Amino acid sequence: MELWIIASVAAAAFQTVRFMLQKHLAAVSLSAAGATFARFLYSAPIACLILLVCVTNDWIRLPSLGVAFWTFGALGGAAQITATVCTVMLFGRRNLAVGMAFIKSEVFFTVLIGIVLLAEGVSAVGFAAIALGVAGVLVLSGPIEAKGSGWRRILSPSAALGLTAGALFGVSAVAYRGASLAVELDAPLARALVTLAAVTAMQMAAMWLWLRFREPGEVGRVLSAWKSAGFIGLTSMAGTFCWFTAFTLQTAAYVKAVGQVELVFGILGTVLVFREKISRREFVGMALLAGSILGLILFA
């Protein structure tokens, strides 16, 4: 099995655990922004320390990082922060598995954004699989907080949060691939580590400034919740490193397509951890999404 597939599956597993922890923190103690900040506060220092050790021992030669790297990194970091906030807010409205299924619309946006930013597209069969996935998203978009049918269902707050998060995660995926490709190193793991350290450091600083002025006291609450928040940081660092490794080796659209296995992990988390129920309609929607994922992996 190719390294990028292994990295994508591992990233999906780590991300599922992180989402579960963030859902718990947002429910009991932290705001959506605070739960988002936790992933960077406890991951950026560790990533930077690992990079420092590697550079000090000459295991990695730190290259000069040009404008393209910082531009793609900043774009991806900002998009990921906003998408994560939307994700935490969504988990407050829908159960874990359905919330994650909404967010999995990112694979469709990743294809489109990849064409625009990096001129990387997919085959005709790939687009057919994407259409099947869109049908799954439409089935899942039935709101729990509003009545109506047709476009009213699609424009529900839950659907809006999920699709916005998916679009922004798509932007971050393509931008991160652009950033990792701009690192002038041969080893994929070295490229991933440099990108991880730089991007998470920028995200930590940006989120700290935001919370300092917009949500006074929230940084202290994140620090006080270090037991759970620390695990968010560790799983975030591991998952992001795996994503960056996969992005270095393969087109972002296909990486995210394989990463849709996260839906299976989400179902397990919903049933086994949160004891939440999944309706028949929601299973149908997730089945359509799963069919789209298999089509992208096997035939695109």
Side-chain angles (χ1 to χ4, degrees), residues 1-12 14-15 39-40 43-84 106-107 109-122 168-207 233-234 236-259:
M1 184 177 295
E2 295 186 42
L3 177 59
W4 74 268
I5 297 177
I6 297 173
S8 300
V9 174
F14 283 122
Q15 185 162 289
R39 66 173 294 187
F40 306 122
S43 64
I46 299 175
C48 291
L49 179 61
I50 294 174
L51 178 61
L52 177 62
V53 171
C54 291
V55 172
T56 302
N57 289 277
D58 292 325
W59 298 334
I60 292 178
R61 175 188 59 81
L62 189 62
S64 59
L65 303 174
V67 175
F69 173 84
W70 294 109
T71 300
F72 277 123
L75 175 62
Q80 186 181 42
I81 287 173
T82 309
T84 305
E106 68 180 309
V107 68
F109 295 110
T110 300
V111 173
L112 299 177
I113 296 164
I115 294 173
V116 174
L117 292 184
L118 300 179
E120 295 180 337
V122 297
L168 290 172
F169 276 130
V171 172
S172 69
V174 176
Y176 287 155
R177 174 166 167 79
S180 66
L181 293 178
V183 179
E184 297 180 355
L185 292 174
D186 295 329
L189 296 180
R191 286 185 173 189
L193 180 58
V194 171
T195 307
L196 172 66
V199 171
T200 54
M202 288 192 292
Q203 291 173 314
M204 182 183 68
M207 285 296 295
L234 291 175
S236 173
M237 182 187 68
T240 303
F241 178 74
C242 291
W243 285 129
F244 286 173
T245 300
F247 291 150
T248 302
L249 296 169
Q250 182 58 269
T251 302
Y254 290 111
V255 171
K256 284 298 185 180
V258 173

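Position 1 is the first residue of the sequence; numbering continues from there. Predicted model, so just to flag it, every value in this text is computed and none were measured.
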Which residue pairs pass the ring pair (Phe, Tyr, Trp, His ring centres under 6.0 Å) test with at least one member in residues 178-206, sequence neighbours excluded?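 Those involving residues 178-206 do not exist here.
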
- With sequence neighbours left out, what residues match F241 under ring pair (Phe, Tyr, Trp, His ring centres under 6.0 Å)?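 Listed in chain order: nothing, the list is empty.
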
Discussion item. Going by the rule ring pair (Phe, Tyr, Trp, His ring centres under 6.0 Å), which residues pair with Y176 if we only count those two or more places apart in sequence or in a different chain?
Written reply: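 Testing Y176 for ring pair (Phe, Tyr, Trp, His ring centres under 6.0 Å), a comparison that skips the adjacent residues, returns F244.
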
Please round to the nearest 0.5 Å and tell me the distance separating atom [atom1] of [X] and atom [atom2] of [Y].
| X | Y | atom1 | atom2 | answer |
| --- | --- | --- | --- | --- |
| L168 | T84 | CG | OG1 | 9.5 Å |
| F169 | Q15 | CZ | CD | 6.0 Å |
| L193 | M237 | CG | CE | 9.5 Å |
| T245 | I6 | OG1 | CD1 | 11.5 Å |
| S43 | Q203 | OG | CD | 7.5 Å |
| L117 | R177 | CG | CZ | 12.5 Å |

**Asked** Looking at residues at least two apart in the chain, or sitting in another chain, which of them share a side-chain hydrogen bond (donor to acceptor under 3.5 Å, both in side chains) with T110?
**Response**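 Not a single residue meets the side-chain hydrogen bond (donor to acceptor under 3.5 Å, both in side chains) criterion with T110.
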
Point to revise | side-chain contact (heavy atoms from CB on, under 4.5 Å) between W243 and V255, worked out | key: CA-CA 8 Å; W243 285 129; V255 171; 3.8 Å; yes

Looking only at non-hydrogen atoms, find the nearest pair between [X] and [Y] and report the distance.
| X | Y | result |
| --- | --- | --- |
| G170 | I113 | C-CD1, 3.8 Å |
| R191 | V183 | NE-O, 3.1 Å |
| T200 | F40 | O-CB, 4.4 Å |
| L181 | T248 | CD2-O, 4.0 Å |

Could you pull out every donor-acceptor pair under 3.5 Å between side chains of residues 44-51 and any protein atom, sequence neighbours left out?
none

Validation: residues 53-78 side-chain donor-acceptor distances under 3.5 Å, sequence neighbours left out:
residue : atom : partner : partner atom : Å
T56     : OG1  : L52     : O            : 2.7
N57     : ND2  : V53     : O            : 2.7
R61     : NH2  : E184    : O            : 3.2
W70     : NE1  : L65     : O            : 3.2
T71     : OG1  : V67     : O            : 2.8

Does some side-chain heavy atom of K256 sit less than 4.5 Å from a side-chain heavy atom of V111?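 A side-chain contact under 4.5 Å is absent here.
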
